[in-house]
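In what follows, chains carry the letters A, B, and so on, assigned in the order in which the sequence lines appear, proteins first and then strands, with residues in each chain numbered from 1. Everything numeric in this text was worked out from a predicted model, so none of it was measured.
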Number of protein chains: 2
Amino acid sequence: MTATILLVDDHSVVREGYRSVLEKQPGLRVIAEAGDGAEAYRLFKSETPDLVIMDLSMPGIGGVEAVRRIRQWDKAAKILVFTMHENAGFAVQAIRAGARGYVTKTSPPETLVRAVMDVLAGKIAISPDIDHELALSRISGESSAADVLTPREFEVLRLLLAENTTEEIAETLHVSPKTVANLHSLIKDKLGVGSDIELVRLALRQGILTQLDLGEA
Amino acid sequence: MTATILLVDDHSVVREGYRSVLEKQPGLRVIAEAGDGAEAYRLFKSETPDLVIMDLSMPGIGGVEAVRRIRQWDKAAKILVFTMHENAGFAVQAIRAGARGYVTKTSPPETLVRAVMDVLAGKIAISPDIDHELALSRISGESSAADVLTPREFEVLRLLLAENTTEEIAETLHVSPKTVANLHSLIKDKLGVGSDIELVRLALRQGILTQLDLGEA
DNA sequence: GCAACGTCGTGAAATTTTCCCGGCGCTGGC
DNA sequence: GCCAGCGCCGGGAAAATTTCACGACGTTGC
């Protein structure tokens, strides 16, 4: 019996690579491809593949959100995240959203194939480099923003990264600029950073902000 | 007569994709693959391929630097940059470094093949989305940091993004912290940004800072 | 030779950041 | 019911920073 697979990646040439690697394996068959999260969700519902291989950084709704939606529709869906981000933060987000595996694109093809088999067999598959990252992040004790911040603080953090002035943020939240400034200061304190620049770097590392979130130049 | 190609990308599965697409074309043959810039340089010298297809974001020496080195060794080298960055800033950097083409990974396989043929024929190949980006960046008039800043200012900008405190930067430059603060202020003025966070965002857009530059979490 | 510019630095004003405080509402024991 | 704890909102004042105006010095180019 052969397992059916849905490939999700916004780079067509990359999908070609997955396909080439996977179809060398007996028992695997790629039945559909999607270029963004929304399309992935649609195709999952219509094609009901046994496994989804999903990239994270995509236009429109990203990979994490796509994972969430698919799992909401089918609690048993098997989704393997396959991405360039060698970053513990992304892995945590993806797994929490419901992914059953996380493999980085730097991994050799065998690792991908192995992970595909493991996830199909009901196991959780995490590539060694990410295991290592996760261990490091535990040791280094860098506070995970999503954990130490209250919901409101996290909201302010997102806005700080996305919008421009304290006043604008105060307006969208309907609070006084003073409150935003206070929270801004409190956030930096909780995350243990001294400057705004460090704050942005931390946000990048933890995947709260992505290079792709930026508007066009 | 068939053209020989060197593939450079740190993701082996992605190289598999290039290969699969390219080898469907008669007259093209992939003779070598590299996973980082240094290896690319070595292989270029030993294999002397007709064309190099190069990713930008790679560990160690990045794609732009690899392009520069290869072109330094062989002024006539034909290098096609093929990357995920849909960003005018990166394209400008790559072309200035000596690349003969710039195609984004979101492009359909035909665009890549077309660009390969064009570069082999001695033409400059730029994918339509980047053409559009370049046009926009001209129109929007966003100051390119590399252009409006003096060398010293640019140096300080890089350090601001990389290091932490004003004092540290002052020390590495052997000037007073006050000078660094003054330049910091002047830089924000010249680039037309109001806050440090905006400054980092602009740096990300223009490729002065990359998500990959960050240390591990 | 001198005007223009980049670099470095001072000092003082203006603004922001930070810290400490109180108030309000909710939740979870007891 | 009552109180402790915590998240949330903001005021006020001290502390730090950002910003601005200014001068000095060397280089470059006309």
Tell me, with the steps shown, if B/F82 and B/M54 meet side chain to side chain contact (heavy atoms under 4.5 Å, CB included). CA-CA 6 Å; B/F82 186 57; B/M54 169 102 56; over 6 Å; no
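- Interatomic distance, A/D9 CG to A/L56 CG, rounded to the nearest 0.5 Å: 10.0 Å.
- B/D196 places its CG atom 9 Å from the P atom of C/dT17, with the value rounded to the nearest Å.
- Put simply, CZ on A/R152 is 16 Å from C1' on C/dC26, counting in whole angstrom units.
- The two residues B/A203 and B/L161 come nearest to each other via the heavy atoms CB-CD1, 3.5 Å.
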Show, in sequence, the C-alpha distance, side-chain angles and deciding distance for B/V52 and B/K78, and conclude whether the side chain to side chain contact (heavy atoms under 4.5 Å, CB included) test is met. CA-CA 6 Å; B/V52 182; B/K78 289 171 177 165; over 6 Å; no
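- In this structure the side chain of A/T83 reaches within 4.5 angstrom of the side chain of A/Y102, judged on heavy atoms.
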Assess whether salt bridge (Lys or Arg N to Asp or Glu O under 4.0 Å) is satisfied between A/D55 and A/K105, documenting all intermediate values. CA-CA 9 Å; A/D55 189 16; A/K105 284 187 183 169; 3.6 Å; yes
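- The pair A/D118-A/R100 does not count as a salt bridge, with every side-chain nitrogen at least 4.0 angstrom from each carboxylate oxygen.
- Taking the side chain of A/V175 as heavy atoms from C-beta on, and the options D/dT18, D/dG10, C/dT18, the nearest nucleotide is D/dG10.
- Using a 4.5 Å heavy-atom threshold, the side chains of A/T165 and A/E168 count as touching.
- As rounded to whole Å, 15 Å separates atom P of C/dG9 from atom CG of B/L186.
- Within the nucleic acid shown, A/S176 comes within 4.0 Å of sugar-phosphate atoms alone, with no base atom in reach, counting heavy atoms only.
- Comparing B/K188 and A/P151 by the nucleotide of DNA chain D whose heavy atom lies nearest to each, the residue mapping closer to the 5' end is A/P151.
- Between the C1' atom of D/dC20 and the NZ atom of B/K190 lies a distance of 16 Å, rounded to the nearest Å.
- Over its full length, the helix from C/dG1-D/dC30 to C/dC30-D/dG1 turns its helical axis through 30°, comparing axes from the five pairs at each end and rounding to 10°.
- When distances run from any side-chain atom of A/T150 to the nucleotides C/dG9, D/dG11, D/dC8, the shortest one goes to D/dC8.
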Got a list of protein N/O to nucleotides 19-23 of chain C N/O distances below 3.5 Å?
| unit_1 | atom_1 | unit_2 | atom_2 | d |
| --- | --- | --- | --- | --- |
| C/dC19 | N4 | A/N182 | OD1 | 3.0 |

For a quick test of your reading: what N or O donor-acceptor pairs under 3.5 Å do the side chains of residues 33-44 of chain A make, sequence neighbours left out?
| unit_1 | atom_1 | unit_2 | atom_2 | d |
| --- | --- | --- | --- | --- |
| A/E33 | OE1 | A/R15 | NE | 2.6 |
| A/E33 | OE2 | A/R19 | NE | 2.7 |
| A/E33 | OE2 | A/R19 | NH2 | 2.9 |
| A/D36 | OD1 | A/A38 | N | 3.0 |
| A/D36 | OD1 | A/E39 | N | 2.9 |
| A/E39 | OE1 | A/G35 | N | 3.1 |

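- Per the geometry, NE2 belonging to B/H184 stands 17 Å off P belonging to C/dT7, to the nearest Å.
- If you measure from atom CD of B/E153 to atom P of C/dC8, you get 10 Å, rounded to the nearest angstrom.
- Applying the 4.0 Å criterion to OP1 and OP2 of D/dC9, one finds that A/T179 has every side-chain N and O outside that range.
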Tabulate atom names and distances for all N/O pairs under 3.5 angstrom spanning the protein and nucleotides 28-30 of chain D.
none

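- Contacts between residues 166-174 of chain A and DNA chain D, defined by a heavy-atom separation under 4.0 Å, are absent.
- Annotation: side chain of B/E47 is not in contact with side chain of B/T4 (no heavy-atom distance under 4.5 Å).
- What separates CG of A/L183 from P of D/dC9 is a distance of 7 Å, to the nearest Å.
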Under 3.5 Å donor-acceptor pairs involving side-chain atoms of residues 174-187 of chain B, not counting sequence neighbours:
| unit_1 | atom_1 | unit_2 | atom_2 | d |
| --- | --- | --- | --- | --- |
| B/S176 | OG | B/K178 | N | 3.1 |
| B/S176 | OG | B/T179 | N | 3.2 |
| B/H184 | NE2 | B/D196 | OD1 | 2.8 |

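- Between A/S127 and A/T104, the closest heavy-atom pair is OG-N, 3.5 Å.
- Rounded to an integer number of Å, the gap from A/I187 CD1 to D/dG7 P is 13 Å.
- Considering every non-hydrogen atom in both A/V81 and A/A94, the closest pair reads CG2-CB, 4.1 Å.
- With hydrogens and angles left out, the side-chain atoms of A/T106 and B/D10 include no donor and acceptor closer than 3.5 Å.
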